[in-house]
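Residues: numbered from 1 along the sequence shown. These numbers were taken from a predicted model, which means no experiment stands behind them.
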Amino acid sequence: MGQKADFAAERLRMVERLVASRYIQDPRVRDAFLAVPREAFVRPEDADAAYEDVPLPIGRGQTISAPSMIAIMLEEARLAPGDRVLEIGTGSGYHASLVARLVGPQNVVSIERIPRLAEWARSNLARAGLSGVTVVVGDGSLGYPERSPYDCVMVTAGAPEIPDPWRLQLSPRGRIVAPIGPRSGQVLIVATRKADGSLDVREGTPCAFVPLIGARAWSA
Ligand code: SAM
């Protein structure tokens, strides 16, 4: 069996495990995981570990999140085709590619503060056939007003609190899915914008993300 076939079999086994443990419940989320080659979003030396349920280093002290954590976030986000999504913390581009499978690549903008990672993510996304995703370099703690409003803001780095720009850039009934709390460990929150513009915040799974570094987040 060639390496490509090995990866496809490993991907299927990973998805089966995520379904069995109920991290994945929505068939559309399952199909997205089945469609995206995670090996294309890790460093070549980590390809053998691409389908283990662990975060992996991607350089510059950053990580690609564990698949189960990404599954939890995608289930919480309840994305529908056509939803406009801002992802904050592009990293490898893997999470953005799953979101792109769910809403359409042209509806996804992802922002990354480290230019080298943004460049790498763009090439990973292109190799996965998802070059329609827009990757920009900037400080996502300020959101990305240029493409707002968003139906969902998904954050893959830990913030001390929800910065106001994220709320202001949501569409009516838009949602924020983000790890919020101390640098050492956060809680995944799902915040839905209410008719009066304020947020209805629900706390979910405890988690541990690398810090969101920016003007409205942690200092470097
Ligand atoms: N979603 C990524 C993936 O699928 O590979 C993993 C993201 S990694 C856990 C967190 C990322 O957030 C890092 O690449 C980091 O450089 C980025 N980051 C941290 N602070 C940021 C900020 N203010 N704006 C944009 N990106 C930021």
Side-chain angles (χ1 to χ4, degrees), residues 58-65 69-70 73-74 76-77 79 83-100 103 105-122 124-125 132-194 196-204 207-220:
I58 55 173
R60 307 284 166 133
Q62 307 303 322
T63 54
I64 173 174
S65 306
M69 190 66 237
I70 300 174
M73 294 187 73
L74 292 175
E76 290 284 15
L79 298 174
D83 276 357
R84 296 156 57 93
V85 178
L86 171 65
E87 185 207 20
I88 298 173
T90 315
S92 67
Y94 180 64
H95 181 268
S97 73
L98 293 165
V99 172
V103 302
Q106 70 286 355
N107 293 315
V108 184
V109 56
S110 184
I111 185 164
E112 169 58 53
R113 68 180 277 273
I114 301 176
R116 284 280 294 275
L117 282 180
E119 205 178 295
W120 183 55
R122 282 189 200 107
N124 295 342
L125 283 157
V133 172
T134 304
V135 175
V136 295
V137 175
D139 177 4
S141 75
L142 303 173
Y144 187 65
E146 289 86 338
R147 288 269 295 262
S148 66
Y150 303 104
D151 300 305
C152 192
V153 174
M154 301 191 75
V155 187
T156 62
E161 58 188 12
I162 302 173
D164 223 28
W166 298 353
R167 178 181 68 81
L168 295 170
Q169 291 170 31
L170 287 179
S171 63
R173 302 291 305 159
R175 303 172 295 292
I176 298 168
V177 179
I180 302 292
R183 264 180 114 122
S184 53
Q186 309 87 33
V187 165
L188 192 72
I189 63 97
V190 182
T192 307
R193 189 176 161 137
K194 295 192 284 190
D196 66 2
S198 65
L199 292 176
D200 185 18
V201 181
R202 179 167 59 78
E203 290 191 0
C207 50
F209 279 80
V210 296
L212 186 80
I213 309 287
R216 300 293 298 264
W218 300 106
S219 51

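Under a 4.0 Å N-O distance rule, the pair E76/R202 qualifies as a salt bridge.
S110 pairs by the side chain to side chain donor-acceptor pair (under 3.5 Å) definition with E87, T90, not counting sequence neighbours. Applying the side chain to side chain donor-acceptor pair (under 3.5 Å) criterion to R147, with sequence neighbours excluded, gives T134.
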List the steps and the verdict of side chain to side chain contact (heavy atoms under 4.5 Å, CB included) for R193 and L199. CA-CA 5 Å; R193 189 176 161 137; L199 292 176; 4.3 Å; yes

Can you check side chain to side chain contact (heavy atoms under 4.5 Å, CB included) on S171 and R84, steps first, answer last? CA-CA 9 Å; S171 63; R84 296 156 57 93; over 6 Å; no

Could you walk me through whether D83 and C152 satisfy the side chain to side chain contact (heavy atoms under 4.5 Å, CB included) test, starting with their C-alpha distance in whole Å, then the side-chain angles of each, then the deciding distance to 0.1 Å, before giving a yes or no? CA-CA 7 Å; D83 276 357; C152 192; 5.7 Å; no

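When all heavy atoms are compared, the tightest approach of G140 to W166 is O-NE1, 2.8 Å. Nearest heavy atoms, S141 versus L212: CB-CD2, 3.9 Å. Nearest heavy atoms, G204 versus V187: O-CG1, 3.5 Å. What you find for M154 and V85 is that their closest heavy atoms are CG-CG1, 4.2 Å. Of all heavy-atom pairs between L117 and I58, the closest is CD2-O, 3.6 Å. Minimum interatomic distance between D164 and R216 (heavy atoms only, all atoms of both residues): N-NH2, 3.6 Å.
Counted within 6.0 Å of CD on Q106, heavy atoms from surrounding residues, nucleotides or ligands total more than 12; the atom is thus considered enclosed. The neighbour count for R116 CZ, taken as heavy atoms of other residues, nucleotides or ligands under 6.0 Å away, does not exceed 12.
Under the 3.5 Å distance criterion, the side-chain polar atoms of Y150 are matched with a main-chain donor or acceptor of Y144. Between the W120 side chain and the G93 main chain, no donor and acceptor come within less than 3.5 Å of each other.
Note that the CZ atom of F209 and the OG1 atom of T63 stand 8.0 Å from one another [nearest 0.5 Å]. Taking NE2 from H95 and OG1 from T156, the interatomic distance works out to 6.5 Å, rounded to the nearest 0.5 Å. If you take CZ on R60 and CZ on R113, they are separated by 10.5 Å, rounding to the nearest 0.5 Å. Within the model, atoms CD1 of I111 and CG of D139 stand 7.0 Å from one another, a figure rounded to the nearest 0.5 Å. With rounding to the nearest 0.5 Å, the separation of CD1 in I180 from CD1 in I162 is 5.0 Å. Rounding to the nearest 0.5 angstrom, the gap separating the NZ atom in K194 from the CZ atom in R167 is 11.0 Å.
Remark: the D200 side chain and the T192 side chain contain no N/O donor-acceptor pair separated by less than 3.5 Å.
With contacts defined as side-chain heavy-atom distances shorter than 4.5 Å, the pair L79/R175 qualifies.
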